[in-house]
Each structure stands twice: as C-alpha cells, then as structure tokens.
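As the structure is a prediction and not an experimental result, all values here were calculated from the model. So that the names make sense, note that chain A is the first sequence line, chain B the second, and so on, each numbered from 1. FYI, side chains are in, hydrogens and waters are out, and symmetry mates aren't considered; it's all heavy atoms of this structure.
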Amino acid sequence: MRWSTYFLYTLRDNPSDAEVISHQLLARAGMIDKVAAGIYTYLPLGWRSVEKLQRIVREELNTAGAVELVMPSVAPAELWQESGRWQAYGKELLRIKDRHDREFVFGPTHEEVITDAVRRRVTSYRQLPTNLYQVTTKFRDEIRPRFGLMRGREFIMKDAYSFHASAESLDETYRAMERAYRRVFDRCKLSYTAVEADTGNIGGSESHEFMVLASTGEDAVAACACGYGANVEKAITGPIAPPPAWPAPVPAKPEAVHTPGASSVADVAAFLKLDAAHFIKTMIVETDKEFAVALVRGDDEVNEVKLKNVLDCTHLALASEARIEQLTGGAMGFSGPVGLTGVRVVADPEVMRLAVAATGANRADHHLVGVVPGRDFTPEVVADVRVARIGDPCPRCGAPLDIKRGIEVGHIFKLGIKYSSKMACNYLDEKGLSHPMIMGCYGLGIGRTVAAAVEQNHDEHGIVWPRPLAPFEVELIALNPDVPAVRDAAEKLYADLQAAGVEVFYDDRDERPGVKFNDADLIGFPVRVVVGKKGVELGQAELSLRRDRVKVTAPLADAVAKARELLESA
RNA sequence: CGGGGCGUAGCUCAGCCUGGUAGAGCACACGGUUCGGGACCGUGUGGUCGGAGGUUCAAAUCCUCUCGCCCCGACCA
C-alpha cells in the first residue's frame with residue numbers, strides 16, 4: 001500500500017479529549033476517529049488491526065469447536081421480556097421503536113436471541129453440546145463512556161454461547177474456551193492474567209476474566225505468585241493480622257464515650273487513642289428488597305459486589321441520612337450494631353474475630369468502646385464482605401497478595417439454566433425427560449483488546465505494535481522520492497517486498513525526512529526500511545526494528561531477506 | 001444522576017475577568033530556498049465565536065435557557 005493513495009492522516013497534537021495513552025496514540029496515528037461520546041469510526045489503518053485480531057479469534061474459536069454465525073443488532077423487545085432482562089437490564093439497554101411503535105433493543109449481548117434460535121431447533125440430548133459465536137457490534141448505553149476504545153458505548157465484541165445436557169459437558173467446553181482465549185492473547189503477545197470473577201447481572205456459577213495488566217486498567221485484580229488470581233470484587237483472603245492489643249481492661253459491658261464531631265474512623269481512633277482496626281465500621285445500605293447493615297473492620301472497606309451477592313439483590317446503595325436516623329435512632333456517622341433491631345446485619349468474619357472493639361453508639365457524637373462481638377451483638381449473617389487489600393494473605397498459600405490494575409479483555413461464564421429455564425430452551429434426555437439446557441457464554445472485546453495492546457506496547461515516540469496486530473508489517477520510506485535513483489530503488493523494494501508476501505506500507509509522500517520518521521514511529525509498524533540518497537549511492541538500504549530502533553544496513557539486493565529476518569524477531 | 005471544567009479556523013489553543021473592526025501556532029494553497037529526525041521566507045484561503053433568547057447604541061465577552069464534549073464520583077459486563 002502506498003501512503004499517497006491511502007487514507008491515513010496522522011495528528012501532531014493529542015486530541016483534547018483523549019485521556020489515556022491508547023486513545024491518544026490510536027487517534028494520533030489516524031486509526032480511530034470519534035463520532036460521538038463512546039462511538040468511533042475505525043479508520044482504514046485501525047480496521048486492519050481489528051481485522052487481524054478478528055482473524056486470530058476466529059481461528060482459535062474454530063479450533064475449539066465453536067461455529068460462527070451472525071445475529072442481528074436489533075432484536076424485538078419480546079425476547080428480552082421473556083428473559084426478564086427488559087426490566088432488569090436498566091438504562092444501559094438502548095431501546096428503540098420502529099415506525100409501527102413496536103419496541104426493539106439494540107443488543108448489548110445476545111443470550112436471548114441465541115437461546116431462541118437454539119430452542120427452535122435443538123430438542124434432543126443427541127444434538128448437544130453446541131457452541132455458537134459471532135463477532136459483531138454491540139451497544140451499551142454506558143453512563144459514562146471513557147478512555148477511547150476501552151469503554152465505548154458502541155463496540156465490537158466476540159461473543160459465544162454454548163448449550164449442554166450436563167454440567168460435565170459445560171465444564172469441558174468452558175475449559176476449551178479458556179484455552180482458546182489463552183491462545184488468542186498469547187498470539188497477540190499480550191501480558192495478561194486469568195482471574196476468578198464475579199458473574200454480575202449476567203448470572204451463573206463460575207466465571208473467569210482475562211485481564212491485560214496495565215496501569216490504566218479499570219479493574220483491580222488480586223494476584224499471588226502461587227497462581228491465585230481474582231478480581232478484587234471477588235477476591236478472598238486468608239485471615240488478616242489482628243489489631244494491636246486493646247490498651248485497657250475489657251469492661252463487662254460497652255461504655256458510651258462522648259466523641260464530639262468525630263465520625264470518621266480515623267478521627268475517632270485518634271480521639272480515643274485506638275487503632276483503626278479496633279473499630280467496627282457500620283454501613284447502612286438500601287437494596288431493591290430491604291434495608292440492611294454491613295459490618296467490616298475499621299481499616300477495611302465494604303465490598304459492594306460481595307455484599308450484593310450476600311443480600312441477593314441487584315441494586316444496592318448507601319441509605320439516605322433520614323433513613324439511617326430512622327433505622328438506628330441516631331445520627332449518620334455514629335451507627336453501630338449494638339442494639340440494632342429490625343434490619344438484617346451482615347458481619348464480615350474479621351469483625352467477629354475482634355476480641356473487643358469500638359463502634360458507633362447510634363447516638364449523635366457518641367461511640368461505644370469495649371464492644372465484644374457475639375456478646376454485645378449477634379449478626380444474622382457472617383459472610384466475607386470486605387475488600388481485599390494489598391499485602392493480605394493469599395487464600396491458598398498465605399503469601400502476601402499483590403493488587404494490580406487490569407483491562408478486562410475477555411470474560412467467560414458458566415451461565416447454567418438462567419436463560420434456558422426462563423425461555424423454555426429444553427431438551428429431552430435418553431429417558432424422554434425434559435430439562436433446560438445448561439449454558440455457557442464467552443465474551444472477548446475486540447476493540448478493547450486492540451486498545452490494551454497499545455497500552456502495553458508503546459514508547460514516547462508512539463505505538464510499538466506486536467507483529468500479529470500491526471496494521472502492516474513493514475514501513476518502507478523513500479527519503480528523497482524526487483531523486484530518480486532513490487525512487488527507482490524504493491519502487492523495486494516495494495514490489496519485491498510485496499512479491500515476497502510481506503505486508504508493506506510505502507511512504508512515498510513528498511515530505512521531509514523528519515516528518516516521515518516521526519510518522520513511522522507514531523504508527524509503529526514492526527520493521528522500518530529506509531531508502532535514501534546516500535544509501536542508494538552505496539547500494540544500501542537501512543533497516544530497523546520499531547521496538548529498539550537500532551539501525552542496520554543491508555545491500556539493496558538483500559533488503560527483502562533482511563526485512564523478513566527482522567520480522568521474525570519482531 | 002451529583003460535583004467540576006470546556007465549546008472561538010481542519011487540529012491545539014489565546015482573547016472573555018474589565019463589552020467597541022475575531023487572533024496565534026500547526027495544517028492547507030501558491031512562489032522561492034531547503035531535504036537523514038516534525039525546515040525557512042513571502043503571499044494567500046479559511047471562523048453563523050455550539051445553539052436560542054435577553055440586557056445594551058454595541059455581545060466571543062454580561063444574564064437566562066439549551067445542546068454537545070471532558071474529568072471526578074455514583075453506576076455497570
């Protein structure tokens with residue numbers, strides 16, 4: 001491809017709305033173009049990367065036994081009403097009406113459509129398992145799209161759905177998909193980790209996320225050298241260190257202490273000369289079902305995802321000040337579990353391990369000290385609801401956990417019968433009995449993976465594409481295209497590289513050398529071949545790898561072979 | 001949805017506080033000099049100052065409303 005006839009326009013300045021490096025570089029390199037918040041055009045160069053990733057994904061999924069199809073973006077509301085998600089999905093679901101006022105959704109995911117397609121065809125265990133996938137454009141009307149391709153509203157995603165007659169069969173496919181994902185990300189040369197994850201509103205029993213490690217990642221993952229890894233939403237830990245010894249005799253019953261104006265744990269701890277870990281932090285929450293109270297140790301934070309699962313609810317928020325006063329009889333900021341009635345109390349195990357503690361007195365400007373869990377209050381539920389912290393013991397081996405940030409590029413779920421039971425997607429077993437099919441679903445963000453690759457592979461000059469995702473493999477630069485000898489040498493190299501099957505992008509523009517070099521660094525193809533006046537006089541071309549930018553020269557006649565050699569090491 | 005910020009030329013931005021003929025750099029066009037790491041000189045093209053309403057002799061500038069975009073938070077597969 002010749003630059004002069006291609007559609008590539010690089011930017012000298014970062015777009016003012018680009019925050020993260022992948023967004024800045026993809027925009028400056030002329031690969032994406034924002035059309036509206038969270039909605040992008042893939043320009044020709046960007047689309048080539050996307051297509052390369054799609055090809056890799058298709059190859060690995062086909063190998064794993066999945067079969068490709070394409071479902072429509074727009075689906076009738078009836079299917080979503082049948083699954084219950086018309087109600088449950090919320091505002092992220094883009095709902096549209098046609099000219100007859102019939103309601104449709106622009107699909108954010110396709111469980112309903114695929115389940116409908118399968119139930120109308122598959123009726124016997126003999127037809128199972130089956131695993132279907134597509135690579136399509138999805139739309140989720142995110143509250144706040146951001147970070148370019150990393151959290152768009154419209155985005156390209158590969159989604160696969162498998163149907164089974166047994167949990168064993170699902171497990172087999174789940175493992176096969178996990179292996180396929182590993183091969184995809186390995187082939188893209190990405191540094192990633194697969195971690196245990198929460199299933200969120202999709203539902204299901206088991207779930208893993210594939211995280212590309214990057215400081216700009218939106219998710220935090222807890223990881224241990226022993227191999228344990230989990231999204232912090234899900235991460236569990238071993239028992240954490242107890243607080244320092246209680247500095248006074250433990251009273252027979254809690255004593256109220258005047259703590260004027262001090263409601264944060266840090267303030268009260270300083271005031272009472274106690275450690276934050278001596279406190280029981282009391283959070284009053286409101287769910288779609290009830291009000292509830294969550295207790296964690298004073299130096300811990302409540303993990304809302306874990307709490308949601310414990311309370312079995314879909315929405316959860318902090319209760320209003322008025323509600324808190326009504327439920328506890330005291331001011332906000334001074335709540336505690338002692339004497340609380342009429343609400344479910346969920347205590348973290350670390351709270352129950354406290355020998356003695358301090359907490360709010362349910363009375364303005366007062367705290368209770370000498371509270372003994374189990375003696376002075378008894379929670380309805382004891383369950384892990386704390387956020388894992390860096391340095392906490394690994395639940396498997398006890399070593400300190402590390403917490404890193406990651407970009408979620410893939411997520412696989414064991415769905416179970418959540419959709420098949422609601423939508424009557426059933427099969428007959430060998431005895432003629434009807435059962436809902438057991439399902440799995442497997443998502444992989446295409447655009448997000450390309451963005452993650454840039455986050456992980458760049459330097460101060462621009463993108464450093466891993467070869468499998470690079471739009472082109474070689475950038476050929478004719479430094480002085482107006483010099484006939486240079487032009488001829490470059491043209492011959494261009495033709496020879498193409499004949500050798502190398503994806504070559506030929507910068508034949510009438511630009512100054514500096515412009516061409518800087519653009520080459522910015523768009524970041526793995527190998528650069530430069531033909532200039534001095535080199536041509538010596539019969540030489542200059543080659544370099546984008547990764548280290550170390551220049552070597554080779555006779556023009558050997559330049560193609562040298563370029564291929566460099567590509568192999570790219 | 002709460003808090004904050006920004007909308008002025010294709011891009012990045014100044015001008016707004018304190019109302020008075022709309023600016024710079026880059027890009028683009030033409031001429032010339034240059035040509036191995038984002039050249040220089042000269043000339044030139046290009047803007048309903050996001051939109052609507054209001055105040056005023058006069059509004060990019062002040063006021064009201066509205067739309068869009070960005071950041072923080074809440075939310076979320």
Side-chain angles (χ1 to χ4, degrees), chain A residues 9-20 23-24 27-28 30 33-39 85 88-93 107-111 138-148 150-153 155 157 159 197-204 207-211 218-219 231 233-234 285-286 304-305 308 314-318 320 407-413 415 441-445 448 460-462 477-483 486 507 509-522 528 530-538 540-542 544 549 551 553:
Chain A
Y9 300 91
T10 58
L11 302 177
R12 192 172 291 220
D13 300 308
N14 277 326
S16 58
D17 57 7
E19 178 81 355
V20 297
H23 187 190
Q24 293 174 347
R28 278 181 53 207
D33 187 24
K34 190 170 79 173
V35 176
I39 299 176
R85 288 208 293 183
Y89 209 94
K91 289 186 180 170
E92 286 73 39
L93 182 62
T109 170
H110 282 77
E111 283 82 2
K138 308 266 189 270
F139 194 96
R140 290 181 192 163
D141 200 357
E142 295 279 350
I143 296 172
R144 186 145 92 82
R146 58 182 136 177
F147 299 159
M150 282 172 43
R151 177 173 287 240
R153 297 147 91 198
F155 55 97
M157 178 172 160
D159 49 327
D198 186 72
T199 52
N201 284 353
I202 292 254
S207 168
H208 285 84
E209 288 171 333
F210 289 80
M211 295 284 196
E218 291 192 88
D219 291 279
N231 192 308
E233 292 178 344
K234 175 89 174 176
V285 299
E286 178 179 357
E304 290 193 14
V305 173
K308 258 190 207 174
T314 52
H315 295 288
L316 183 148
L318 288 179
S320 67
I407 301 163
E408 178 197 346
V409 290
H411 198 163
I412 60 178
F413 298 79
L415 280 180
C441 80
Y442 318 91
L444 193 157
R448 192 182 270 193
E460 69 271 31
H461 305 287
I477 297 179
L479 272 193
N480 325 90
D482 51 321
V483 176
V486 171
D507 188 351
R509 296 175 301 168
D510 182 21
E511 286 287 355
R512 297 176 65 80
V515 172
K516 294 184 179 183
F517 289 142
N518 281 306
D519 276 338
D521 285 345
L522 176 61
R528 191 183 80 181
V530 178
V531 177
K533 197 164 60 181
K534 290 175 201 159
V536 165
E537 283 166 7
L538 299 170
Q540 287 183 328
E542 173 196 280
S544 59
R549 307 203 309 155
K551 299 168 190 168
T553 54

Minimum-distance nucleotide (side-chain atoms of P513(A) versus rC35(B), rC72(B), rA39(B)): rC35(B)
Show each protein N/O and nucleotides 32-34 of chain B N/O combination with a separation under 3.5 Å, one pair to a line.
from, atom 1, to, atom 2, distance (Å)
rU34(B), O2, R512(A), NH1, 2.5

Distance below 4.0 Å between S16(A) side-chain N/O and rC13(B) OP1 or OP2: yes
Any side-chain heavy atom of K516(A) within less than 4.5 Å of one from P481(A)? yes
So, does K34(A) get its side chain near the phosphate of rC70(B), meaning an N or O under 4.0 Å from OP1 or OP2? yes
Grab the CG-P distance between D521(A) and rG36(B) for me, whole Å please. 17 Å
Paired with rC1(B): which nucleotide, if any, by Watson-Crick or G-U wobble criteria at under 3.5 Å for both distances? rG73(B)
Rounded to whole angstrom, note down the P distance from rC72(B) over to rC26(B). 33 Å
Nucleotide forming a Watson-Crick or wobble pair with rU18(B), both distances under 3.5 Å: none
Rounded off to whole Å, could you give me the OH-to-P distance for the Y9(A) and rC26(B) pair? 21 Å
Taking the minimum atom-to-atom distance to the side chain of R144(A), which one of rC71(B), rG37(B), rC69(B) wins? rC71(B)
Report the base-pairing partner of rA29(B) (Watson-Crick or G-U wobble, both distances below 3.5 angstrom), or none. rU43(B)
